[in-house]
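Here is how names work: the chains are called A, B, and so on, in the same order as the sequence lines, proteins then strands, and each is numbered from 1. All values derive from a computational prediction rather than experimental measurement. The figures that follow rest on heavy atoms only: side chains count, while hydrogens, waters and symmetry mates do not.
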Number of protein chains: 2
Amino acid sequence: MEESSKKLGVQSVHRSTLSKQVVEQIVQLLVSGQMKAGDKLPPEMELMEELGVSRPVLREALSALETLGVITRKTREGTFFNNKVGTHPFSVMLALATDNLPAIIEARMALELGLVTMAAEKITDEQLEKLRKTIDTIANSEDNDYGEADKEFHHIIALSANNPIVEGMIDSLLITHNKVNSLIQVRERERTVEYHKAIYAALEARDPQDAFLQMYKHLDFVRQKVLQYSSANDE
Amino acid sequence: MEESSKKLGVQSVHRSTLSKQVVEQIVQLLVSGQMKAGDKLPPEMELMEELGVSRPVLREALSALETLGVITRKTREGTFFNNKVGTHPFSVMLALATDNLPAIIEARMALELGLVTMAAEKITDEQLEKLRKTIDTIANSEDNDYGEADKEFHHIIALSANNPIVEGMIDSLLITHNKVNSLIQVRERERTVEYHKAIYAALEARDPQDAFLQMYKHLDFVRQKVLQYSSANDE
DNA sequence: TGTAATCTTATTGTAAGACGAATTGCACAA
DNA sequence: TTGTGCAATTCGTCTTACAATAAGATTACA
């Protein structure tokens, strides 16, 4: 294992470390199809023997995998592969980028623009129905406390793209939705409803390009708002 | 430190676990600005005392952070915060999704569609120049081995959006670019050049909507190809 | 006989101690 | 002044041990 005499400068960014190797081996279990999502891994004792490492090393690896959201550990029950691969890593990453709110907004914008395009191809009637409800909720909200419905609107669109990877990404980005809301003190409910209706119409017509266009208008409006306020805060 | 009598069950979706708390605390060091990127953390002994945990727990946390790409550990030298937060988590995540190539393609598609739109607003003349070069490279390639130039084309567009978060995402997604290439046995160089030229023209004109449209055509073409081949392989 | 409570046990969570490896830095000698 | 060697620091790993928790079984009681 440690015969590094072979000119390991090539791709050895890894600096070996047993625990990392263990991480990769466990990931391989999934990739190779030996285990599926949702499966229960052997108890730590067995894994130790099977992989030939000590318990702390194994636990370091498991801890890393858990933080990545690949597995879930339940006291006394065991360790399981997660069915949803996704959101966790992003959350941590985004936690480190909270100071860069405009970047997050733009990332969300980029992603949602693509999403709505694909949603126009795939969205189901049920999802359209749900969308319409959120619009109603916003339109009928007495106060200006329609943040949740707004978030829901975007979330439904994300789901309708029917792609687990993108879902994971957008889930994390939408976490910042609340923060964005708090930035925009001056609510413009009618404006929001208008935008949402336009997007809905495009989706209903299954028109990717129009869906894109309407979403672009909407998000560009939001972005301008945020840029405006955040720059006002910065300086 | 260890008398957690303060009812920490408040937002503890985390099922506590000391090591996770340690992870968050260390992340907080960065977020709160107490430490900066590139800084050296105290040696493990000191961290143990400071955080009031045992070494295995601390090491589990550090291991998780390292896997996330937040820190780097060097034998004997110490532990350092990384300057670039970014791509690592995605790579792992995507490693688990390699079996779902169409999903990756679509995710890339969604992201690139949004990207090219924003790129149209931000791209610099130098970046346009680079883009043109990659197109030339592809056009002049004798054999059909223009995969790298193709990848470069998309990468430049991603960079021109000038957003670190999106860069991290797209970097990981483009890893699959090679895999996609290998799927498409039948090269259609002229077709590719055509698409790229159209995208380039839109970017040069700083026309977001046309850029989107051209990219959509391009990626949709690629997607159809991949779907075709991968479904042929599946069955 | 069925249900509930208790107890055992398996498994994860945490701790402490120890040793090895590797690299750095200092000291000493040439 | 420079080079070599030794020591100390710090990460990497292992061993052992105990605590906590919850599932499952067993037993007692109705």
Rounded distance in Å - CD (A/E49) to C1' (D/dT15):
14 Å
Set of residues satisfying side-chain contact (heavy atoms from CB on, under 4.5 Å) with respect to A/L41, sequence neighbours excluded
A/I26, A/L47, A/I71, A/T79, A/F81
B/E129: which residues meet the salt bridge (charged side-chain N to carboxylate O under 4.0 Å, His left out) condition with it, sequence neighbours left out?
B/R132
Sequence neighbours excluded, the answer for salt bridge (charged side-chain N to carboxylate O under 4.0 Å, His left out) partners of A/K40 is none
The criterion is salt bridge (charged side-chain N to carboxylate O under 4.0 Å, His left out); which residues satisfy it with B/R76, sequence neighbours excluded?
none
Between A/S54 and B/M45, the residue closer to the 5' end of DNA chain D by nearest nucleotide is B/M45
Angle class for the A/H154/A/H196 ring planes (parallel below 30°, perpendicular above 60°, tilted otherwise)?
perpendicular
Nucleotide N/O to protein N/O under 3.5 Å, stretch nucleotides 18-22 of chain C:
unit_1 : atom_1 : unit_2 : atom_2 : d
C/dA18 : N6     : B/R55  : NH1    : 3.3

Between B/L41 and B/P56, name the one whose nearest nucleotide on DNA chain D is closer to the 5' end.
B/L41
Does a nitrogen or oxygen in the side chain of B/R59 sit under 4.0 Å from OP1 or OP2 of D/dG12?
yes
Non-neighbouring partners of B/E112 that pass salt bridge (charged side-chain N to carboxylate O under 4.0 Å, His left out), sequence neighbours left out
B/R108
B/L47 has an atom CG; how far is it from atom P of D/dG12, in whole Å?
13 Å
State which of C/dT24, D/dC11, C/dT12 makes the closest approach to the side chain of B/E77.
C/dT24
Starting the side chain at C-beta, find the nucleotide from D/dG12, C/dT11, C/dA15 nearest to B/R73.
D/dG12
If I take atom NZ in residue B/K74 and atom C1' in nucleotide D/dG12, what distance separates them, rounded to the nearest angstrom?
17 Å
